[in-house]
Structures are given as structure tokens and as C-alpha cells.
Amino acid sequence: MTFDPLVIRKDFPIFDRKIRDGKRLVYLDSGATSQKPSVVIDAESNFYRNHNAAAHRGAHQLAEEATEALESARSVVADFLGGATDEIVFTKHSTEALNLLAYSIGDSPAGNVFHLKAGDEVVVSEMEHHANLIPWQQLAKRTGAVLKWFEVTPDGRLDLSDIESVITSRTKIVALTHQSNVLGTINPLAELVKRTHDVGAIFILDACQSVPHMPVSVAALDIDFLVFSGHKSVGPTGVGVLWGRASLLAELPPFLFGGSMIENVTMLDATWAPAPRKFEPGVPNMAQIVGLGVALNYLTKIGMQEIHNHENTITKYAISKLREIEKLKIIGPTDMKLRGGAVSFTLGEIHPHDLGQFLDNSGIAVRTGHHCAWPLTRKMGVAATTRASFYLYNTLEDIDDLADGVRDAQKYFA
Amino acid sequence: MTFDPLVIRKDFPIFDRKIRDGKRLVYLDSGATSQKPSVVIDAESNFYRNHNAAAHRGAHQLAEEATEALESARSVVADFLGGATDEIVFTKHSTEALNLLAYSIGDSPAGNVFHLKAGDEVVVSEMEHHANLIPWQQLAKRTGAVLKWFEVTPDGRLDLSDIESVITSRTKIVALTHQSNVLGTINPLAELVKRTHDVGAIFILDACQSVPHMPVSVAALDIDFLVFSGHKSVGPTGVGVLWGRASLLAELPPFLFGGSMIENVTMLDATWAPAPRKFEPGVPNMAQIVGLGVALNYLTKIGMQEIHNHENTITKYAISKLREIEKLKIIGPTDMKLRGGAVSFTLGEIHPHDLGQFLDNSGIAVRTGHHCAWPLTRKMGVAATTRASFYLYNTLEDIDDLADGVRDAQKYFA
Amino acid sequence: MQLDNLYQEVILDHYKHPQNKKLSPVFDAQVHHVNPSCGDEIDLNLTINDGVISNISWDGVGCSISQASVSILTELLIGKKIADAYSILDQFVALMQSKGAVPGDEYVLEDAIALAGVSKYPARIKCALLGWMAFKDASVQAQAKSKLD
Amino acid sequence: MQLDNLYQEVILDHYKHPQNKKLSPVFDAQVHHVNPSCGDEIDLNLTINDGVISNISWDGVGCSISQASVSILTELLIGKKIADAYSILDQFVALMQSKGAVPGDEYVLEDAIALAGVSKYPARIKCALLGWMAFKDASVQAQAKSKLD
Ligand SMILES: Cc1ncc(COP(=O)(O)O)c(C=O)c1O
Ligand SMILES: Cc1ncc(COP(=O)(O)O)c(C=O)c1O
């Protein structure tokens, strides 16, 4: 099967609709959330129509089917990431998964491998999404640990020149993004993971912008935890994933407390089920988990490498077309070896909000602002950027429309 | 419109399927999770097909539509509960909502109305679901506060005889269930809320088993916080609600940290948006929230009082039919004035697992076990119970089938 | 083009030639407001004399809507009694939240009426209101200060 | 009736007349196991002599499947060498997790083969395994103890 985005688009019903009085939808905002193929939408509906019951909570047929659906989705996710089934914890999104880690680490008693004491260090970077920054700020406040970070170079890469002074023997946690949602930069993990493990620290990967777009194997990367969101991976809203090494999940204290995560409960105390169950109290987001399983199978069938190659083609083309435009400045690396398919830029004096609005009027959906990475946009010296982000259903024609739209906007606001 | 469960059943596609080789589905497990009408299933699909984009995060048309869909659902929920729109926080389920409260209260600094110090008291009851017990156990551990509780009488009511020694001037938080998910008991809130406010404490209501089944007005109840789950209210899985008084939500510190809940962010610190936004980081469970709005509108159209009356009829009939069965013992009050539509029972020596399995074989879905309220089942002196729980789509015929099934099981295991 | 309803000429004019965009060194109140969803910022200085707004000056970065809106605000409110300014503010906020349902009173809102089109673009309402909320905040501070004096 | 595959006569017999259901006062290891999803509990005492299981006794509350399963276990394993018991245990666990795909070796599993139907009811597998997991745990403890002795 050759990769053809025009064929793929047919799987996504939203491309049948029109924008702003009849215009073609040019969706360049998959970095915020992806569109969904019919198979995913139908999987959720089908669950409700035929198998809906509280998983892990009943001996009746519907409950059995719901449990089976939920647990098969777990093994799909595990296979997709190259992990084990019991290493997959379902959350509502990556944000929850990262907060789970920060809270659970903060609750780890002395003696636990995760225990943080005053003076221990937690390392992030200036290019983190707020979801991988603020939870660690808060953890540092709660524990007296020190938050440190890698700076970002003017061309939008992590500055690793002082890696040994950023990640030190006092470092306990290193939490970094795989790919920047603003700059598109893909970070050089091998070096970072090695240094992290050399000092005996734990490596947490925010894979929100990588898992949907390229082959990612937790085993090959040798990382300790990974998070991603279903809704950015052609999956449903309301479901995210935390993957963790089995041995570490076993030691990590639970985060949310409630039903079905317990081993025993008295009025004064409780003990916990083994992972992943101890991290999943409450009736699960079953339909969404089932939808996510179908979404990942859909991506696998198309091929993660094929998707990545396609995005590379699109991104390269976009960068070359955008660079032709006067006053347009790309914020982030332009070397394809260093980046994925999210391209941020500024356009002279024209404010991203105005540009975005103008493009929207032509049916082109981009995102504008600080993209939930405010320290990064400040560091890059811009108040805001316009971001076009790509996925398997985008075409070169989408890029042509974008470039034309940007030029038209320039005329409009001249 | 007269209330007719046979007409209502037509709205729920799952009743078209058969159980265990062709048997009619008798679904008596709505206390665990409810079934979903087509309008709800279609609302989720329709969101994905036509309006999917990251709400509150884009200036393009799809993002505007997604935002509008999300925020209209918020006002539907507010109207349903008799609260204000900005008082509605979306979570993934009640379990998360209760944990949010426990964590945020635990993080409240001295001077904050929620601040807990060693020796302050938190009050729950023996009939709480684990989701409204373990988070408070953990909060007590983190803060040095003391966990106290109301006992349960042998006939399954809260023992309020010593209310003044349970809720005292040291009490800061009272967190109780509106209706027991095991016993069906509806608790007398007026007296409890009054006592709570008299001592200056905060009243939190676990309304998981009441909001879906009867008219509930936060204003009339004069409570401070309320939680319920969408999936038990004919809504989607993966969405829950926290309602809180505006003045209290304003003071409560945030729980999960990430994008779109902020006012300003630097590398070292962050400040928060006003509620409800400060409690909703990350791309929301949009399709599920939209589905919940449609679910509550569906219930409102049928009428919450009508639904409650119907459940009362069903429950009364069930209790009378079950009581005719030899050795069957109802665990919980039998007086209809004190209870709603969840009926737990034991059947002599026959273990609930075996009874549940037998009923399942006849197409009847009940729940068996401790129903995530283990301290309660222990207190009632039983290892486990069988629970039949009712909703708008149940019929008297369902009850007849249940009673027949129980008798047949008695013969089978005799 | 539909977009022209949003970007009326008055708006683009104010955007290109913003009025009172230079912070005056004397003021009764100075505020800094930010739009957290996009990072736009404004500083606004306000002077009130005997219940009359004698000066509003500002500086900031933002989109054409936010810049034009505050520029229009200064022209509209300088010289007004504070009570009248509040009434204009209320009408402007109502117009923004109207989803295009009300036309707005041109006699009261003058050039600000050109921003009516914004009300159909929910994500932009905050842009149009940024300067107005800053003004409101500053006026409260200025009045509180004058009571202390 | 489909249900008869699950509740085979052998199972109902063991359930109504459980074997070795009376804790012996002497033992090398004693364990208490709980099924957290339903609250079922078992106490199990184990004695091993020279690598041979000389006694297993138990008490507990639980459904017919869990009660019958442990009753069958005692009959099957008492008198066996510990290594042989482990091999039976492994085959039994495999049978339970087979979703009905494998028939199980009747020569090895004897009466325990009657529990094959459980593998088609995922929620009940834990019931069938409760006693076996308790035995496994107890055997580890008993062997550790014998090494110390
Ligand atoms: C009384 C009560 N509280 C809390 C919960 C937890 O609800 P959820 O699993 O949707 O978070 C339930 C449902 O299981 C319940 O019945
Ligand atoms: C790099 C990165 N991390 C974290 C997040 C947060 O994801 P979510 O909103 O799904 O929790 C995002 C997406 O917004 C992201 O791009």
C-alpha cells in the first residue's frame, strides 16, 4: 500500500464539511488536537451500543465484554510503544499523566526510589509545554527540591553544552519533551537519557508530539516513563497514557484514590492493588480507551514510519515555501534532521491573531499565541507565533494554500 | 407525555442486543454504570465528525465551535444542578472530583479557608464508597487531621444519634454520600448540612447515586460542593462534574497543572486563571462533555421527578417480590421513604458470585461483591451482597424476571 | 469579504495610527493587564480630575483588535465624567457579548461601534476587551486613591 | 444449559462437601489471601516433609468456584512431590487463562479439569485461582523456612 494522503483523508469525516461559507478545510492544527477517522468514532459508539457496562466490576456478560475491550486496548497500546501490558496506565490526558507522576513522586516516603528531599534536583527545559513544567514547579515547592532547566539556543535547540552541570549527582528526575510543540525541535534523547541514568536519575518523556507522528519504542529509547494523549493521535478526547517501567510503577505510590485500585480497605487505611490497577480508580473512560486502541491500530496499519516520512516531506515543503515570503521568520530549526512537523513563525508587524483570523477566513486552521509554552516564546523574543502543524491527512496543496493565505494576509494588513 | 419505560427503552440501542445465546437483556446494574440513549452516542460522534478542535485554543472556526459546544454543555450542567455556569468544573469522573477536593484542600496554605492543621477533623461515614473515603484517609495522613465517621445502624441508616460529637467545632470538612450505592439509603441532608454550617465546616456531597435519579438542587440543599459522574447519568464514560460555590472555588488552590489554567507562567512560577478554568488544564474531554450536556437535557425532558417516581414504583415492587423469597435478606432499609433504587440482598448460603453468574445466564445483569464500599459490607456483617439497581428504562417485568431468576438459582444450588 | 465585517476600516486605521499610545509620566493609577491565552499585554495610565477623566495613555503589544479597541477607548472616554464612562463601558461589554444579536448604540459608542463584528468571533472578544478591562481596573484604583487623598 | 459447563457436578459436589476444610493446628506455613474485587478470603495451612506435601488444610468464605477449586487442590496435591505440584499448578493456571482454547490434560489435572469452563468467564478466573495462589505463596514460605531449619 502506498501512502496517499488523499485516500487517508477519506477516512476522516470532518473533511467533508466546509468552513466559513463553503471553503475547503485546511486543517493545520493537529499539534493541538488531531482529527478522528470513522473507525475510531464508530468504535466508541459501538462500545456504547453493544458492550457498555462497568469493566472489572461485574460477573455479567456485558461487564465481561467491557473488561475484555478495555484490556485488549491496553495490550494494543503496550505493543504500540514496545512496552508490557501491565506497564500501561490510562489517564484522561498527558497533563493528568504528568501530574500523576509529580504528585506520586512527591508522596514517596524516604527509602522509596522516588523520594525527594530538599536540595534534590528536578530538571526540565525552557521548551516545555506548561503541562511538563508547572507540575514540576509545584513538586519542587512541596518538597524543597530545586528546579533546574536546559536553556534553548537562538535557533531553537536544547543547549546541551553544559549538560554535566544541569544534570548532576543531585538530579533525581529529568522530564523533557521529545518534540517541541512550538519549535518542532526533536531532542537528542540518547545523550540525555544516558547522562540521566549515569547519575542514577529517572527519565520522563513527554511524547505528546512524537508518539502520534513517528515510531517510538520505550525499550529502544531506554527511558523510564512516557506520556502521550489520545486526542493528538487520531484517538478520542478524554484519554491519555502513562507508560512506566514495571519495576518503577511497582514502587510508585498511587495518585487518585477510590474504587477498584485497592487490595484492602478499612475505615482508617487502605492498601493497593498491583499496577496498573492501583493508578486507575473509578469507572474507567472505557469507550475512549477502546477508541484509542482502534486509533493506534489504524496508525500501525498505515505505518508510523510512512507517516513520519510523509510529515517530513510536508514540513520540508512548508519550510521552503514559507521562507520565500518576505518578513516571515521561522522560529525553530530549519534543518529537517532536527525537527518534526510543527512550524512556528512570525510575519513582521502582523500579529499572529490577525494572521490566524485571516487564514481562518480562507478555511485554513492554524494556532496562534504562546501555545502553552510561554517561557519558550518569551525566550525566543516573540510575544506570540503562528503555528502550522501537520499530520497524515495533510497535503502539499494544504501548504500551497497556507503560503498563499499568508501572502494575502500581508496585503490585507499592509 | 406519560412516562413509559417501554418507550424509553427504544432510545437505548443496547436493549436491541441479546445476552447469552438469545436472552433478553435485563439490565439491573445502573448503579455501576447506566446505559446510553442514541442522542448521547450521536452527540459524541457528531462532535468528532463536524466540530472537533481544541476548545479555548484557537481562533479558527472549528475551535470556536468546539468552545461553544463545551461551554453550552457547562451551562446545561449548571442549570441541571441549579448552580452557576462558572461553578461547574469538568473532571473525568466523581473519583477525580473527590480527589481534586482532597488534594486542593491539602494544599491550602494557612489563612486559606480550606487550610487543615493537625487536630482538625474531617467527617465521613461508614457507608461511603471508597472514592469518598480513601481520599480523605490520605488527606488526614498528609495533614495530621483526624478522620471521623458516622456509623451505620443495623437497618442501614446513618446513626445520627451522636451528631454533635461527630461534627464538632474542630470539624473542617464533612463529606457524605447522598444515597448509598449499596443500601439505597438516602441520607437526611438538612440536619447534616445545618450542623456542618453551624460549626463553620464545609459540606461536600457525593451525589453519584442521586443526581442521575432525582431532582437535586445545590441551592435548595445549601451544600458547598457536589460531585457526580456522567456515565451513571445516561452520559458518556470519561466525564464527571464538580460543582462548587463560586466563592469557595475562587479560594480553592488548583489541583492539576498545565496548559490553559494559567494567568502567567515563568520558569519558576505560575499564577492561575479564575475558576472553573484553573481546575481544567489540558485539552478537555470535549466530546464527552458535549455528550453529558445532551444526556442531562434528555433526562430533563423526561423529567427528573417522573424518573424518581418510576424508580420508586420499581423499587417498591422489587422489595415486595424479593421479600417473598425464602432466605433472601435485604441489606438496607425497606421503608421507601428512606431509600432510592439500589437493592442489595443475600440469599442464605448461596454466594453472590454464584447467584450473579446464574442470573447472568438468564440475561439478568446484577452486581455482586462489596461494591467498592468494603467497610460498609463488613459492618453489615456480610462478605458480599448481590445488588440490583434500577433506572428509567427498567420495567416491572425486569423485576419479575429477577425474582424468578433468584428462585431458579436457589433450586440450582440447593 | 466576510472578514471585512470584523476588520472595519476604522479598526485598521486605529491599528495603524493608534491614539494616545505613549505612557504619560503623570497618572493617578497605572495598570498592567495581560491576555493569558495569547500573551498580549497592555500598560494603561489614567488621570481623573473632579470625577472627569482627564487623561488615558497606554502602551502595549497585541493584535489589531486589541490595539484599535484601546485606541478608540481613549478617544471616547477622555473628557467624560467617570459615571458616563462606566455606562459606555457597560454598553460596550454588552455589545461584545451579544454574539452579533444587538447592533449597539452608535450615538453612545461612536467609533467603538466598529468593533461590533468582533462579537461574532468569540475568541477575539477578549482582545477587544483587554484595554477596557484595564481601564476599569485603573479607574477603581484611581478613585480609591482619591478617597484616601 | 450453558451454565452447566461452568458448574459441573464435580464442582457442585466439592462445593457442598469441601475436602480438608478445617485448619490443622500444625503447619510449616500459614497464609491468608483475599480477592479484593469480591472480598472472598481464604486461610491455608501447608506442611511439607522431605519435599513431599504431607498436608494442606484451609478455611474461608467464597463462591462455589473458589471453594471447590481449593477443595480439589487439596485432594490433588497432598502426597505429591513439591516439584510435581508446581507443574500441576502451572498447567492449571495455563488452563484458566486459556479462554477455553485448550482442553487441559485430564491425566495431570484430574478433578481440576472440571474447572475448565471457568476460563470462559474472565471475572471468575480469580475465584478459581484464589486457593492456588495461596498454596503457591505458602509453599514458598514453607520451603524458605525448611532452609532455615
Ligand atoms: C456513591 C458513589 N460514589 C462514588 C462513585 C465513584 O464513581 P466513579 O467511578 O464514576 O468515579 C460511585 C460509583 O461507583 C458511587 O456509587
Ligand atoms: C508537548 C506537549 N506536552 C503536553 C501537552 C498536553 O497535552 P494534553 O492537553 O492532551 O494533556 C501538549 C499538548 O497540548 C503538548 O504539545
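Note on naming: letters A, B, ... go to the chains in the order of the sequence lines (proteins, then strands), and numbering restarts at 1 for each one.
Under the 4.5 Å side-chain criterion, counting only non-hydrogen atoms from C-beta, A:P375 is in contact with B:V265. Looking at A:L147 and B:M267, their side chains never come closer than 4.5 Å, going by heavy atoms from C-beta outward. Looking at A:I14 and B:L62, their side chains come closer than 4.5 Å, going by heavy atoms from C-beta outward. In this structure, B:F47 and A:I41 have side chains that are not in contact, with every pair of non-hydrogen atoms separated by 4.5 Å or more. Considering only heavy atoms from C-beta on, B:K92 comes within 4.5 Å of A:L256 through its side chain. Between B:Q288 and A:E44, the closest side-chain pair of non-hydrogen atoms falls below 4.5 Å. In this structure, the side chains of B:Y48 and A:P13 stay at 4.5 Å or more apart for every pair of heavy atoms. Counting heavy atoms from C-beta outward, B:I134 and A:W272 have side chains that approach closer than 4.5 Å.
Within the 4.5 angstrom heavy-atom criterion, only backbone atoms of A:S125 (N, CA, C, O) approach chain B. Proximity to chain A is limited to the backbone of B:S34, based on heavy atoms less than 4.5 angstrom apart. For B:E65, the part lying near chain A is the side chain, with the backbone staying farther off; criterion is any non-hydrogen pair under 4.5 Å. Of the atoms belonging to B:I289, not a single heavy atom falls under 4.5 Å from chain A. For chain A, the nearby part of B:P284 is the backbone; its heavy atoms alone come within less than 4.5 Å.
When the candidates A:N285, A:L268, A:T33, A:I19 are compared by the number of heavy-atom contacts under 4.5 Å with chain B, A:L268 comes out ahead. The candidate with the highest count of non-hydrogen atom pairs below 4.5 Å against chain B, out of A:G238, A:A32, A:C372, A:A365, is A:A365. Ranked by non-hydrogen atom pairs under 4.5 Å with chain B, the options A:N264, A:L376, A:L133 are led by A:N264.
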Before you tell me yes or no, could you show the steps for B:R20 and A:E64 under salt bridge (Lys or Arg N to Asp or Glu O under 4.0 Å), namely the whole-Å CA-CA distance, both residues' side-chain angles and the distance that decides it to 0.1 Å? CA-CA 12 Å; B:R20 299 281 180 224; A:E64 274 175 15; 3.2 Å; yes

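Exactly one of B:D16, B:D11, B:D42 qualifies for a salt bridge (charged side-chain N to carboxylate O under 4.0 Å, His left out) with A:R49. That residue is B:D42. No option in A:Q138, A:K141, A:Q137 other than A:K141 meets the side-chain hydrogen bond (donor to acceptor under 3.5 Å, both in side chains) test with B:D269. Each of B:L359, B:V366, B:D29 was compared with A:H60 under the side-chain contact (heavy atoms from CB on, under 4.5 Å) criterion, and only B:D29 meets it.
In this model, a donor atom of one side chain and an acceptor atom of the other lie less than 3.5 Å apart for A:Q35 and B:N52.
What you find for B:F255 and A:N99 is that their closest heavy atoms are O-OD1, 4.1 Å.
Atoms CG and CD, from A:D21 and B:Q61 in turn, are 8.0 Å apart once rounded to the nearest 0.5 Å. The OG1 atom of B:T95 lies 12.0 Å from the CD atom of A:E280; values are rounded to the nearest 0.5 Å.
Distance alone, capped at 3.5 Å, is enough to place a donor-acceptor pair between the B:H93 side chain and the A:P281 backbone.
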